[in-house]
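Taking it in order: structure first as structure tokens, then the write-up.
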Amino acid sequence: MLIVMTAMVIIMGTVATSLTHIMRGDVKMTQYSIMSTQGRLATRYFGADVRKASEIQSNGSANFTLQIPLEGGGTESVEYLYTPGDSRLVRTKGGFSRLLLDGIQSL
């Protein structure tokens, strides 16, 4: 009986350890997926804006504005702002702000 109980404790310990590692891996995969999605989105917006831009204006070390020509004449401003305190990169176009990257350390 003692041998069976010892074997059960070893098996339960192994199962518990395995489940813990699996759950940690799942959390890391979820975080990686979010990071990957944010990176692709930020790259897509930034690349499209830079290709269309006719002018770039620096508003400081963590803020710049792109001037994008409109088809009917005139230009539209697109602003990119990095806030080190919040670790966020935000894109503002037409008064609408969109969080592109979150949790970044520096640009």
Side-chain angles (χ1 to χ4, degrees):
M1 184 72 163
L2 185 59
I3 295 172
V4 171
M5 292 298 287
T6 303
M8 289 299 288
V9 168
I10 292 171
I11 291 171
M12 292 302 287
T14 303
V15 169
T17 303
S18 296
L19 286 175
T20 302
H21 285 295
I22 290 170
M23 291 172 67
R24 284 183 188 167
D26 189 41
V27 169
K28 288 179 183 178
M29 276 305 272
T30 302
Q31 290 171 342
Y32 178 78
S33 176
I34 291 168
M35 181 184 68
S36 180
T37 301
Q38 283 184 342
R40 282 193 315 270
L41 181 67
T43 302
R44 188 180 84 200
Y45 277 119
F46 184 71
D49 290 341
V50 167
R51 282 190 297 273
K52 291 186 257 179
S54 61
E55 181 182 337
I56 298 176
Q57 177 184 0
S58 174
N59 304 325
S61 64
N63 183 343
F64 62 93
T65 303
L66 302 172
Q67 296 298 323
I68 299 174
L70 298 172
E71 290 182 17
T75 60
E76 177 178 46
S77 295
V78 178
E79 179 183 32
Y80 284 85
L81 172 65
Y82 170 66
T83 52
D86 296 333
S87 300
R88 294 179 171 190
L89 178 65
V90 177
R91 175 185 183 259
T92 303
K93 178 180 177 181
F96 177 73
S97 295
R98 180 179 193 121
L99 175 65
L100 294 181
L101 296 172
D102 189 24
I104 55 177
Q105 299 302 313
S106 65
L107 288 181

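Below, all heavy atoms of this structure are taken into account, side chains as well, without hydrogens, waters or symmetry copies.
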* To do: May I ask whether Leu101 and Tyr82 are part of the same hydrophobic cluster, defined by side-chain heavy atoms of I, L, V, M, F, W, Y residues being less than 4.5 angstrom apart, directly or through others?
  => yes
* Asked: Who passes side-chain contact (heavy atoms from CB on, under 4.5 Å) against Arg98, sequence neighbours left out?
  -> Leu41, Tyr45, Phe96, Leu100
* Structure fact -> So OG1 of Thr92 and CG of Leu81: to nearest 0.5 Å the spacing works out to 7.0 Å
* To do: Taking atom types as modelled, find out whether Ser87 and Asp102 have a side-chain donor-acceptor pair closer than 3.5 angstrom.
  => no
* Structure fact -> Heavy-atom nearest pair, Leu66 first then Tyr80, reads CD1-CE1, 3.9 Å
* Asked: Does Ser58 reach the main-chain N or O of Gly60 with its side chain, forming a donor-acceptor pair under 3.5 Å?
  -> yes
* Pairwise salt bridge (Lys or Arg N to Asp or Glu O under 4.0 Å) hits with a residue in residues 47-60, at least two apart -> Asp49-Arg91
List, one per line, each side-chain donor-acceptor pair under 3.5 Å for residues 68-79, sequence neighbours excluded.
from  : atom 1 : to    : atom 2 : distance (Å)
Thr75 : OG1    : Gln67 : OE1    : 3.2
Ser77 : OG     : Gln67 : OE1    : 3.3
Ser77 : OG     : Gln67 : NE2    : 3.0
Glu79 : OE2    : Asn63 : ND2    : 2.9

